[in-house]
Structures are given as C-alpha cells and as structure tokens.
Novice: 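Once you've had a glance at the structure underneath, I'll fire off some questions.
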Amino acid sequence: MKLLYGTTNPAKLASMKRILDTLSIEMIGLSDLGQKIPRIEETGNSPLENAVLKATAYYEAFGMPVFSCDSGLYFEELPEQLQPGTHIRRVGGKTLTDEEMTAYYADLARTHGGTLTGRYKNAICLILDPEHIYSTMDQSLWTEPFLLTDKPHPKQVAGFPLDRLSLDFQTGNYYYDLPDREVASSVTDEGFRTFFETYCLQ
C-alpha cells in the first residue's frame, strides 16, 4: 500500500522507511507530493493530540492514507513547568534551529549539574479512511532512558540536533560512539513495526 508520512524532515522519513523496509508499504513524505502543504498549529497538550491533529489535517488535504508522529521530551530532574514536552523546538515562542537547540539544551543540562536523565515519549496517528483511524502513545513507542550532556559531540545529523548531546544511560558514552546502537531520539523500531503490521497489513 502507498502511505503518506506527514513530515517534511528527510531524516525522519529515511528512519521510518528503514524500520518498515520489510513490510509491503510504499512510503512517501509531504515533499514528494509536489503540492502546497497546509500549515498546522500543533496546539495539542500531548504528543498524541498533536499526532491526531496533523494526521487529520493531512488526510483532509490530500485524501490518501496518512500517518503522523509526534514526540515529547521529558526529564526526570525537571519540574513540570520546565519540561520541554511537545515543545522540543519551540522555546519562548520561537522555533529553534538545529544549532540553537543544541546550545539551549546544552545550557539546560549545564545548569543542572552537567547531565539530565531524559526519555522521548512518542505517539502516532494513522488514518486509512474515515472509518479506520488508529492512534496510540503506548510505552512500546517510547525510547529508552538516556543522558543529556552539556558537551556536544562533533558529529551532526541534520534534523536530529539533540543526538549530539545524547549519552547511553548504562555506559555514559555518546550514542554516536557506540557500535550498532541507535541514538536516543530514534523511534523504537519494534513498537512502530508492530503498529503498522497490526493496522496496515490486516
């Protein structure tokens, strides 16, 4: 089946294609459509609400099976009012660039002793047609805990700026320096693959 991933981020599209490469799904991104992409205000109070908002808007705009994902970033050491949550890139009403995000979160870790214990909580909404809409924020979609450090790794991947600051929770080493390991912000392969197997390949 042909499925639209509601994102213009090429890194996210490539990551999801890799996860689902064994399934009979032809995945495209918004940029592949060659059409005007609607602007969506992510006003939800949780990753799940934002995923539903985006998937609904894209389905209404393009009339084809579509899914959208959203993530929230949460740190054990921070009080609720300081949690990034769904506003990972938006700080003080401004959308940060990759470089600005790296600097902001490095400073946040620095003010809390040099590291923070974080986890990304992912959500997904899939719309096949008006009668078949599926959404979840199940823990199987969340990443493992990781450490956020105040010292950026020299490696940079566009679209994933916080991976430069991510350390493996067990070893304290940068994810980028570990062989055969996904970085902290990568989606949980098994959880997402199971979701699509359940709802797309019935």
Novice: If you apply the rule side chain to side chain donor-acceptor pair (under 3.5 Å), what do you find for S140 with D138, and how did you get there?
Specialist: CA-CA 5 Å; S140 65; D138 188 79; 2.7 Å; yes
Novice: With a 3.5 Å distance limit and no angle check, can you tell me whether R193 reaches the backbone of L20 through a side-chain donor-acceptor pair?
Specialist: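 Checked: no pair found.
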Novice: Any side-chain heavy atom of T149 within less than 4.5 Å of one from L116?
Specialist: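 In short, these two side chains do not touch, never coming nearer than 4.5 Å.
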Novice: Taking only residues two or more places apart in sequence or in another chain, which ones pass salt bridge (Lys or Arg N to Asp or Glu O under 4.0 Å) with K12?
Specialist: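 Scan of K12 (salt bridge (Lys or Arg N to Asp or Glu O under 4.0 Å), adjacent residues dropped) gives none.
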Novice: So, the side chain of N50 versus the backbone of G44: is there a donor-acceptor pair under 3.5 Å, distance only?
Specialist: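 Such a contact is found between N50 side chain and G44 backbone.
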Novice: Name the orientation class of the two ring planes belonging to F146 and Y120 (parallel below 30°, tilted from 30 to 60°, perpendicular beyond 60°).
Specialist: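 If you compare the ring of F146 with that of Y120, the planes turn out parallel.
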Novice: Apply side-chain contact (heavy atoms from CB on, under 4.5 Å) to H153 and D177, showing your working.
Specialist: CA-CA 9 Å; H153 191 281; D177 293 337; 2.9 Å; yes
Novice: Taking salt bridge (Lys or Arg N to Asp or Glu O under 4.0 Å) as the definition, give me every residue that meets it alongside D98, ordered by chain and number, with sequence neighbours left out.
Specialist: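 D98 satisfies salt bridge (Lys or Arg N to Asp or Glu O under 4.0 Å) with R89 once adjacent residues are dropped.
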Novice: For residues 25-41, which side-chain N or O atoms pair as donor and acceptor with protein atoms under 3.5 Å away, sequence neighbours left out?
Specialist:
from	atom 1	to	atom 2	distance (Å)
D32	OD2	G29	N	2.8
R39	NE	E41	OE2	3.4

Novice: Angle between ring planes, Y5 versus F67, binned at 30° and 60°: parallel, tilted or perpendicular?
Specialist: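 Answer is parallel, since the angle falls under 30°.
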Novice: Just to verify, what does R110 make a salt bridge (Lys or Arg N to Asp or Glu O under 4.0 Å) with, not counting sequence neighbours?
Specialist: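 Per chain and number, R110 pairs via salt bridge (Lys or Arg N to Asp or Glu O under 4.0 Å) with D107, D150.
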Novice: Pairs in or reaching into residues 51-63: which pass side-chain hydrogen bond (donor to acceptor under 3.5 Å, both in side chains), with residues at least two apart or in two chains?
Specialist: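 Every side-chain hydrogen bond (donor to acceptor under 3.5 Å, both in side chains) pair that includes a residue of residues 51-63, provided the two are not neighbours, is K54-D70.
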Novice: With sequence neighbours left out, write down each residue that passes salt bridge (Lys or Arg N to Asp or Glu O under 4.0 Å) with E100, or none if nothing qualifies.
Specialist: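 Per chain and number, E100 pairs via salt bridge (Lys or Arg N to Asp or Glu O under 4.0 Å) with K94.
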Novice: Kindly indicate, with the supporting measurements, whether the criterion side chain to side chain donor-acceptor pair (under 3.5 Å) is fulfilled by E77 and T117.
Specialist: CA-CA 7 Å; E77 296 86 352; T117 306; 2.9 Å; yes
Novice: For the ring pair F196 and F192, is the centre-to-centre distance below 6.0 Å?
Specialist: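 No, the ring of F196 stays outside the 6.0 Å limit from the ring of F192, centre to centre.
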